[in-house]
Amino acid sequence: MKEPYPILIDIANKKIAVVGGGNVAARKVAGLLAKNAKVTVISPAISDKIDSAKVTWIKKKYERSLVENMELIFACTDNNDVNEQIVAEASQFQLVNNTSNKQQSSFYNLAVIEENGIMITVSTNGDSPSKAKQIKNKIKQWLSSSLS
Ligand SMILES: C[C@@]1(CC(=O)O)c2cc3[nH]c(cc4nc(cc5[nH]c(cc(n2)[C@H]1CCC(=O)O)[C@@](C)(CC(=O)O)[C@@H]5CCC(=O)O)C(CC(=O)O)=C4CCC(=O)O)c(CCC(=O)O)c3CC(=O)O
Ligand SMILES: NC(=O)C1=CN([C@@H]2O[C@H](COP(=O)(O)OP(=O)(O)OC[C@H]3O[C@@H](n4cnc5c(N)ncnc54)[C@H](O)[C@@H]3O)[C@@H](O)[C@H]2O)C=CC1
């Protein structure tokens with residue numbers, strides 16, 4: 001993504017697939033559940049950091065037929081070829097985040113602070129996610145010190 005366009009989207013009750021059930025999937029799932037999405041995790045194994053009571057878990061390896069009706073797809077497996085395949089097989093109406101390859105993602109996640117009805121987000125346009133996290137934490141510290 002050379003020139004990303006920032007938007008906020010309503011994902012409440014939207015069908016969202018997270019393929020893979022490891023650490024990265026757990027972080028993405030937590031963010032999605034916090035905004036009331038209908039999350040389906042497709043993965044032979046699922047981390048205990050994922051609240052399996054709050055998602056639909058399909059205990060299978062990725063197959064295109066399992067994500068055909070999903071509006072957003074997060075490709076979070078630890079197999080780059082599978083993540084690439086998920087992107088290649090998506091329809092033109094499906095947005096896909098390939099968590100292992102930003103060049104193949106049609107959207108990125110942001111580092112987010114949400115407090116008192118205000119949302120502050122940080123992005124490095126994919127260049128350095130850990131820097132985005134660091135800057136977010138600095139802003140958070142600054143916010144709490146400036147309010148006290
Ligand atoms: C493009 C993007 C797409 C996306 O996933 O949305 C992406 C991609 C990749 N991340 C990678 C690595 C890490 N990502 C994090 C953390 C976060 N990553 C997030 C977003 C994004 N990550 C999007 C762009 C964000 C921007 O524009 O700046 C955050 C902000 C939001 C979130 O995930 O919800 C969240 C912080 C949440 C918070 O705490 O606030 C950490 C640190 C950690 O886990 O502690 C590491 C390890 C250290 C490192 O490498 O930096 C790799 C390499 C994988 C590999 O090669 O192994 C890729 C793949 C690639 O770069 O192609
Ligand atoms: N975008 C981001 O924020 C970040 C991305 N990454 C990348 O994310 C990927 C995943 O990392 P982790 O979650 O730490 O790995 P992990 O090893 O914790 O989890 C991988 C998961 O994928 C599942 N899986 C493997 N093959 C599958 C298949 N064919 N179909 C469905 N599920 C399958 C496994 O069962 C496991 O649950 C890596 O490629 C890593 O480079 C890493 C850090 C941050």
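When a ligand or atom number is given, it counts from 1 through the structure's own listing order. As the structure is a computational prediction, the values presented were derived from the model and not from experiment.
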Between Asn98, Val41, Val82, Asn97, flag the one that comes closest to atom 29 (N) of ligand 2 by a heavy atom. Val82
Would you compute the distance between atom CD of Gln104 and atom CG of Asn83 and round it to the nearest 0.5 angstrom? 8.5 Å
Evaluate Asn79 for polar contact with ligand 2, using N/O atom pairs at a separation under 3.5 Å. no
Before signing off on this row, confirm whether Lys60 and ligand 2 have an N or O atom pair separated by under 3.5 Å. no
Location of contacts on Arg27 toward ligand 1, heavy atoms closer than 4.0 Å: side chain
Thr124 heavy atoms, cut-off 4.0 Å: which ligand 1 atoms fall inside? 26 (C), 27 (O), 28 (O)
Atom 30 (N) of ligand 2 sits nearest the protein heavy atom Tyr62 N, 3.0 Å
For atom 10 (N) of ligand 1, what is the nearest protein heavy atom, given as residue, atom name and distance? Pro129 CG, 3.3 Å
Determine yes or no for a side-chain-to-main-chain donor-acceptor pair under 3.5 angstrom, with Thr77 supplying the side chain and Gly20 the backbone. no
Any atoms of ligand 1 less than 4.0 Å from a non-hydrogen atom of Lys136? List them with their elements. 38 (C), 39 (O), 40 (O)
Euclidean distance, Asp10 CG relative to Lys35 NZ, rounded to 0.5 Å: 10.5 Å
What protein heavy atom sits nearest atom 24 (C) of ligand 1, and how far away is it? Gly126 CA, 3.8 Å
Shortest protein contact, atom 16 (P) of ligand 2 (heavy atom only): Gly22 CA, 4.0 Å
Would you say ligand 2 has an N or O under 3.5 Å from any N or O of Val24? yes
Counting only heavy atoms not in Lys15, do more than 12 sit closer than 6.0 Å to its NZ atom? no
Quick check on contacts: which atoms of ligand 1 are under 4.0 angstrom from a heavy atom of Ala132? 28 (O)
Heavy atom to atom 2 (C) of ligand 1, shortest distance: which of Phe74, Phe107, Tyr108 holds it? Tyr108
Which residue holds the protein heavy atom closest to atom 1 (N) of ligand 2, what is that atom called, and what is the gap in Å? Thr99 O, 3.0 Å
Nearest protein heavy-atom contact for atom 18 (O) of ligand 2: which residue, which atom, what distance? Asn23 N, 3.2 Å
Residue and atom name of the nearest protein heavy atom (relative to atom 35 (O) of ligand 2), distance in Å to one decimal: Ser43 OG, 3.3 Å
Going from CG on Asn97 to OG on Ser105, what distance comes out if it is rounded to the nearest 0.5 angstrom? 4.5 Å
Return a yes/no value for Ala45: is any of its N or O atoms, backbone included, closer than 3.5 angstrom to an N or O of ligand 2? yes
Heavy-atom closest pair (Lys61 atom, Pro44 atom, distance to 0.1 Å) is CG-CG, 3.9 Å
With a 4.0 Å cut-off on heavy atoms, does Lys131 reach ligand 1? no
What residue and atom, counting heavy atoms only, is the protein's closest point to atom 25 (C) of ligand 1, and at what distance? Asn109 O, 3.5 Å
A quick test of your reading: do over 12 heavy atoms of other residues, nucleotides or ligands sit less than 6.0 Å from NZ of Lys138? no
For Lys133, take its heavy atoms, then give the atoms of ligand 1 lying under 4.0 Å from any of them. 38 (C), 39 (O), 43 (C), 45 (O)
Any N or O of Arg27 that comes nearer than 3.5 Å to an N or O of ligand 2? yes
Tell me which protein heavy atom sits closest to atom 30 (C) of ligand 1, plus the residue, atom name and distance to 0.1 Å. Ala111 N, 3.6 Å
Numbered atoms of ligand 2 (with element) below 4.0 Å of Lys28, judged on heavy atoms: 3 (O)
Test item: Lys102 side-chain N/O and Gly126 main-chain N/O as donor-acceptor pair under 3.5 Å: yes
Among all protein non-hydrogen atoms, which one is nearest to atom 15 (O) of ligand 2, and what is the separation to 0.1 Å? Asp78 CB, 4.0 Å
Minimum-distance protein heavy atom relative to atom 32 (N) of ligand 2: Pro44 CD, 3.5 Å
Looking only at protein heavy atoms, which one is nearest to atom 51 (O) of ligand 1, and what is the separation? Ser130 OG, 3.0 Å
If the cut-off is 4.0 Å to any non-hydrogen atom of Leu110, which atoms of ligand 1 fall inside it? 30 (C), 31 (C)
Is atom 40 (C) of ligand 2 near the protein, in the sense that some protein heavy atom lies at less than 4.0 Å from it? no
Closest non-hydrogen protein atom to atom 58 (C) of ligand 1, residue and atom name please, with distance? Thr99 O, 3.5 Å
Looking at ligand 2, would Lys102 count as a contact under a 4.0 Å heavy-atom criterion? no
Contact atoms of ligand 1, heavy-atom distance to Asn101 under 4.0 Å: 62 (O)
Looking only at non-hydrogen atoms, the one of Asp81, Asn83, Thr77 nearest atom 24 (N) of ligand 2 is Thr77
Got an N/O contact under 3.5 Å between Gly21 and ligand 2? yes
Give a yes or no answer on whether the side chain of Glu115 reaches the backbone of Leu143 with a donor-acceptor pair at less than 3.5 Å. no
Check contact between Pro129 and ligand 2, using heavy atoms of the residue and a distance below 4.0 angstrom. no
Taking 4.0 angstrom as the limit and counting only heavy atoms of Asn97, give me the atoms of ligand 1 inside it, by number and element. 3 (C), 4 (C), 5 (O), 6 (O)
Are the side chain of Ser43 and the backbone N or O of Ile46 linked by a donor-acceptor pair below 3.5 Å? no
Identify, by atom number and element, the atoms of ligand 1 in contact range of Lys28, meaning under 4.0 Å from any of its heavy atoms. 4 (C), 5 (O), 6 (O), 32 (C), 33 (O), 34 (O)
Distance to 0.1 Å, residue and atom name: give those for the protein heavy atom nearest to atom 61 (O) of ligand 1. Lys102 CD, 3.9 Å
For Val112, is there any backbone N or O sitting under 3.5 Å from a side-chain donor or acceptor partner on Thr121? no
